[in-house]
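Heads up, the thing below is written out as structure tokens.
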Amino acid sequence: MKVTVVGAGAVGASCAEYIAIKNFASEVVLVDIKEGFAEGKAMDLMQTASLNGFDTKITGTTGDYTKTAGSDICVITSGIARKPGMSRDELLGINAGIVKMVSASLIEHSPNTIIIVVSNPMDTMTYLVHKTTGLPKNRIIGMGGALDSARFKYRLAEALGAPISDIDGMVIGGHSDKGMVPLTRLATRNSVPVSEFLSEERLDKVMQDTKVGGATLTGLLGTSAWYAPGAAVSGMVQAIACDTKKIFPCSALLDGEYGLSDLCIGVPVVLGKNGIENIVEINLSDAEKAHLSSSAEAVKNNNAALEL
Ligand code: NAI
């Protein structure tokens with residue numbers, strides 16, 4: 001199993017590290033545009049192999065895509081990240097050019113690859129890859145919901161004073177502060193609905209804290225987060241590489257599911273060796289449907305700004 005990660009920055013390197021530590025891939029190739037940067041990150045990570053006990057071979061290259069040839073899975077994290085006070089949408093123009101060029105180079109050398117898009121605004125970047133590459137829709141997947149759901153579970157556990165492993169919950173919709181749809185109605189603590197433990201007010205606070213989860217970290221760190229994003233991507237890569245058929249909320253191209261078409265947005269999907277094996281349609285309440293549809297509007301506006 002060969003995995004390429006383009007962008008050896010904060011998220012790309014974290015993703016490569018988690019993939020290596022989980023020890024399911026034979027090879028990870030890091031690619032960056034900054035001279036020597038991917039090579040340096042790869043060497044540093046390889047020097048953790050004997051300490052962390054993994055056999056994955058990590059290499060780096062400054063833009064030589066022949067080194068990525070035959071990748072089973074490619075992750076795109078290249079581009080600019082937001083600074084405090086910026087929205088993900090402000091990255092649109094610059095990242096679109098980068099993502100378009102990178103996805104074309106990846107497919108040239110790995111025509112059968114599955115692509116995971118991370119660069120923001122992620123739903124629009126995922127749609128851009130669909131529109132410009134023509135790859136089958138099961139092979140282009142956006143990462144956002146896996147991270148937002150992890151942040152949701154963290155906030156729920158905090159509010160409940162419960163261990164995170166007892167919490168189940170999912171965030172669907174667009175990967176933006178307003179677009180996220182945390183499904184509090186379906187969230188559970190050991191199979192018991194969280195509404196049994198938390199007042200509507202507390203649940204509302206959990207929802208708000210989840211939605212601004214990325215902005216809160218950007219404010220604290222001065223740049224966007226990397227551990228949880230890297231872990232979220234590595235979980236998706238592992239599900240595909242090991243054909244686990246686990247369900248993740250991912251940005252997927254919709255064709256009538258949830259009453260939506262011609263956009264990529266976060267919905268639960270089954271991940272396996274074919275990428276998106278199935279889109280899971282949950283029965284949403286009227287309020288959840290309305291929230292998802294306004295989230296879809298915002299994603300479509302971004303898509304339109306790129307004339308997609
Ligand atoms: P970063 O600035 O640390 O790393 C980005 C890397 O991309 C840099 O090393 C840069 O040299 C490289 N790069 C730029 N243009 C390139 C090109 N044409 N080819 C190859 N490499 C290129 O940024 P960070 O924090 O790693 O974030 C990366 C992206 O991921 C951002 O767009 C950010 O907004 C997004 N992100 C998305 C998340 C999600 O849930 N979907 C979560 C966190 C970040």
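Both counts, for ligands and for their atoms, begin at 1 and track the order of listing.
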(request) Just jot down the ligand 1 atoms closer than 4.0 angstrom to any heavy atom of Thr77, in number order. (result) 5 (C), 28 (C), 29 (C)
(request) Starting from atom 26 (O) of ligand 1, locate the nearest protein heavy atom and write down its residue, its atom name and how far away it is, to 0.1 Å. (result) Val11 N, 2.8 Å
(request) Could you tell me whether Asp148 approaches ligand 1 through its side chain, its backbone, both or neither, with non-hydrogen atoms closer than 4.0 Å? (result) neither
(request) For the residue pair Ser71 and Thr4, confirm or rule out a side-chain donor-acceptor distance under 3.5 Å. (result) yes
(request) May I ask you to list the atoms of ligand 1 that are less than 4.0 angstrom from any heavy atom of Leu147? (result) 40 (O), 42 (C)
(message) Give me the nearest non-hydrogen protein atom to atom 9 (O) of ligand 1 as residue plus atom name, then the distance to 0.1 Å.
(response) Asp32 OD2, 2.7 Å
(request) Look at atom 41 (N) of ligand 1 and say which protein heavy atom is nearest, naming residue and atom and giving the distance to 0.1 Å. (result) Met143 O, 2.7 Å
(request) Please determine if Ala10 has a nitrogen or oxygen closer than 3.5 Å to a nitrogen or oxygen of ligand 1. (result) yes
(request) Would you check if there is a donor-acceptor pair between the side chains of Asp168 and Thr188 at a distance under 3.5 Å? (result) no
(request) Would you please say whether a donor-acceptor pair under 3.5 Å links the side chains of Glu297 and Ser294? (result) no
(message) Donor-acceptor pair, distance only, cut-off 3.5 Å: does the side chain of Arg82 make one with the backbone of Leu91?
(response) no
(message) If only side-chain N and O atoms count, and only distance matters, is there a donor-acceptor pair under 3.5 Å linking Thr62 with Glu39?
(response) yes
(request) Identify, for atom 15 (N) of ligand 1, the protein heavy atom at the shortest distance, and state residue, atom and that distance. (result) Ile98 CD1, 3.7 Å
(request) Would you tell me whether Ser119 and Asn95 have side-chain atoms, one donor and one acceptor, within less than 3.5 Å of each other? (result) no
(request) Enumerate the atoms of ligand 1 whose separation from the nearest heavy atom of Met101 is less than 4.0 angstrom. (result) 18 (N)
(message) Between Ser234 and Lys22, do the side chains contain a donor N or O and an acceptor N or O under 3.5 Å apart?
(response) yes
(request) Using a cut-off of 6.0 Å, state whether more than 12 heavy atoms not belonging to Lys245 lie near its atom NZ. (result) yes
(message) For a side chain to side chain donor-acceptor pair (under 3.5 Å) check, start with the C-alpha distance between Glu108 and Ser105, then their side-chain angles and the critical distance, and finish with the verdict.
(response) CA-CA 5 Å; Glu108 187 187 340; Ser105 306; 5.3 Å; no
(message) Hydrogens and angles aside, do Asp44 and Gln47 bring a side-chain donor and acceptor to less than 3.5 Å of each other?
(response) no
(request) Output the distance between atom CE (Met122) and atom OH (Tyr127), rounded to the nearest 0.5 Å. (result) 15.0 Å
(request) Give the residue and atom name of whichever protein heavy atom lies nearest to atom 14 (C) of ligand 1, and the separation in Å to one decimal. (result) Gly79 N, 3.6 Å
(request) Give the numbers and elements of all ligand 1 atoms closer than 4.0 Å to a heavy atom of Asn120. (result) 32 (O), 33 (C), 34 (O), 35 (C), 36 (N), 37 (C), 38 (C)
(request) Using a strict 4.0 Å cut-off to heavy atoms of Ser78, name the atoms of ligand 1 that fall inside it. (result) 7 (O), 13 (N), 16 (C), 20 (C), 21 (N), 22 (C)
(message) Does ligand 1 come near enough to His175 that some N or O of the ligand is less than 3.5 Å from an N or O of the residue?
(response) yes
(request) Measure the spacing between CD1 of Ile115 and OG of Ser110 and express it to the nearest 0.5 Å. (result) 9.0 Å
(message) Can you report which non-hydrogen protein atom sits closest to atom 37 (C) of ligand 1, along with the distance?
(response) Val118 O, 3.0 Å
(request) Select one of side chain, backbone, both or neither to describe which atoms of Asn95 lie under 4.0 Å from any atom of ligand 1, heavy atoms only. (result) side chain
(request) Please state whether Trp226 comes within less than 4.0 angstrom of ligand 1, counting heavy atoms only. (result) no
(message) Counting non-hydrogen protein atoms only, what is the nearest one to atom 20 (C) of ligand 1? Give residue, atom name and distance.
(response) Ile33 N, 3.5 Å
(request) Find all atoms of ligand 1 within a distance of less than 4.0 Å from any non-hydrogen atom belonging to Pro229, and give their numbers and elements. (result) 42 (C), 43 (C)
(request) Nearest 0.5 Å please: distance from the CG atom of Leu203 over to the CZ atom of Phe197. (result) 11.5 Å
(request) Could you say whether the N/O atoms of Ile80 and ligand 1 ever approach to under 3.5 Å? (result) yes
(message) As an exercise, identify every atom of ligand 1 less than 4.0 angstrom from a heavy atom of Phe37.
(response) 9 (O)
(request) Check each atom of ligand 1 against the heavy atoms of Ser224 and keep those under 4.0 Å away; list them by number with element. (result) 25 (O), 44 (C)
(request) Please report which non-hydrogen protein atom sits nearest to atom 23 (O) of ligand 1, along with the residue it belongs to and the distance in Å to one decimal place. (result) Ala81 CB, 3.7 Å
(message) Is it the case that over 12 heavy atoms from other parts of the model lie below 6.0 angstrom from the NZ atom of Lys131?
(response) no
(message) Under 3.5 Å between any N/O of Ser119 and any N/O of ligand 1: does that happen in this structure?
(response) no
